[in-house]
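Residue numbers count from 1 along this sequence. Counting starts at 1 for both ligands and their atoms, following the listed order. Values reported hereafter were calculated over all heavy atoms of this structure, with side chains retained and with hydrogens, waters and symmetry mates removed.
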Amino acid sequence: MKQTILEMEEYASEKNVPIIEKKSIAFIMKYIKEHNVKNILEIGSAIGYSAILMAGASEDVFVTTIERDEERYMECLKNVKKCGMDKKINVVFQDALDVNLSEDVKYDLIFIDAAKGQYTKFFEKYKYFLKSDGAIISDNLKFHGYVGDSDNIESKNLKGLVKKIESYIDYLKENPEFETKFYDIGDGLSVSTWKNEK
Ligand code: SAM
């Protein structure tokens, strides 16, 4: 598995595929172990790097991961197989906003790491699949240092995207149902838990 992880890091860097920073995945793996996380939903698989590392955090962790880009989905499947994790990782090829998950399955951890402009939509859709003592972790809340400085960004597209992340942060801070802690780790992480256990 170690070799495949290294190859994935190389592939991501060569092909410009964004994958999680090492400090951030280390934080999540620690969280998985400390909170006895077993069932994980990931929005945004890319080539399977974080899914494979999360699934490897402990023997009985199971990951469902969603990816809408076909090439990345195929690469993800290939990597999951290479690591012998077919039974621990279920890769879904679809837009996460269109997926209909079974309502009977609830997750200990939902990891949001897909289109940054859609984080609020992902959160609103998937909070219903979170266990009463589960957590939603969101990545890239600093967005390479741009967040908090959107008024000074010239590129219209980048400015719009960063504004959306800023409004997601406000949404989390003001959320009546969830309490969110923000961590200055990697590209910025948050951990949201239910205020009142359901
Ligand atoms: N979690 C991965 C890792 O650390 O190895 C990296 C994921 S990458 C930052 C984001 C991925 O989310 C991209 O591959 C992109 O195609 C996918 N994505 C973006 N929006 C999506 C959506 N609405 N549904 C499914 N996948 C999406």
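- Looking at atom 3 (C) of ligand 1, its nearest protein heavy atom turns out to be S50 OG, 3.0 Å.
- Follow the hydrophobic side-chain contacts under 4.5 Å out from V80 and you reach I32 in the same cluster.
- Within the listing of ligand 1, atoms 16 (O) sit less than 4.0 angstrom from a heavy atom of D69.
- Checked for salt-bridge contact, D170 and K163 miss the test: no charged N lies under 4.0 Å from a carboxylate O.
- In terms of protein heavy atoms, atom 24 (N) of ligand 1 is closest to A96 N, 2.8 Å.
- The shortest contact between atom 26 (N) of ligand 1 and any protein heavy atom is with R68 N, 3.3 Å.
- Applying the side chain to side chain contact (heavy atoms under 4.5 Å, CB included) test between I25 and each of K23, E21, M29 identifies M29 as the sole match.
- Near I20, with a cut-off below 4.0 Å to any heavy atom, the atoms of ligand 1 are 3 (C), 4 (O).
- Taking a 4.0 Å cut-off on heavy atoms, Q94 registers as neighbouring ligand 1.
- For the pair D108 (side chain) and N39 (backbone), a donor-acceptor distance under 3.5 Å is present.
- Heavy-atom contacts of Q118 reach the following atoms of ligand 1: 23 (N) (cutoff under 4.0 Å).
- Between K142 and D187 there is no salt bridge, since no side-chain nitrogen of the basic residue lies less than 4.0 Å from a carboxylate oxygen of the acidic one.
- Looking only at protein heavy atoms, the nearest one to atom 12 (O) of ligand 1 is G44 CA, 3.3 Å.
- Remark: side-chain polar atoms of W194 are not paired, donor with acceptor, to backbone N or O of A135 under 3.5 angstrom.
- Once rounded to the nearest 0.5 Å, the distance linking CG of D151 with NZ of K159 reads 5.5 Å.
- Between atom 18 (N) of ligand 1 and the options C76, A114, G117, the minimum heavy-atom separation is to A114.
- Among K33, E34, K38, the single residue meeting the side chain to side chain donor-acceptor pair (under 3.5 Å) criterion with N36 is K38.
- Hydrophobic cluster membership differs between V37 and L130, with clusters built from Ile, Leu, Val, Met, Phe, Trp and Tyr side chains linked at under 4.5 angstrom.
- Short contacts between ligand 1 and S45, defined as distances under 4.0 Å to a heavy atom of the residue, involve ligand atoms 2 (C), 5 (O).
- Looking at atom 19 (C) of ligand 1, its nearest protein heavy atom turns out to be A115 N, 3.2 Å.
- Remark: aromatic rings of Y171 and F123 are close, center separation under 6.0 Å.
- Heavy atoms of D95 approach ligand 1 to within less than 4.0 angstrom.
- Atom 16 (O) of ligand 1 has as its closest protein heavy atom E67 OE2, 2.6 Å.
- Of the protein's heavy atoms, R72 NH1, 3.2 Å lies nearest to atom 13 (C) of ligand 1.
- Among protein heavy atoms, the minimum distance from atom 10 (C) of ligand 1 is reached at D113 O, 3.0 Å.
- Near E42, the atoms of ligand 1 lying under 4.0 angstrom from a non-hydrogen atom of the residue are 1 (N).
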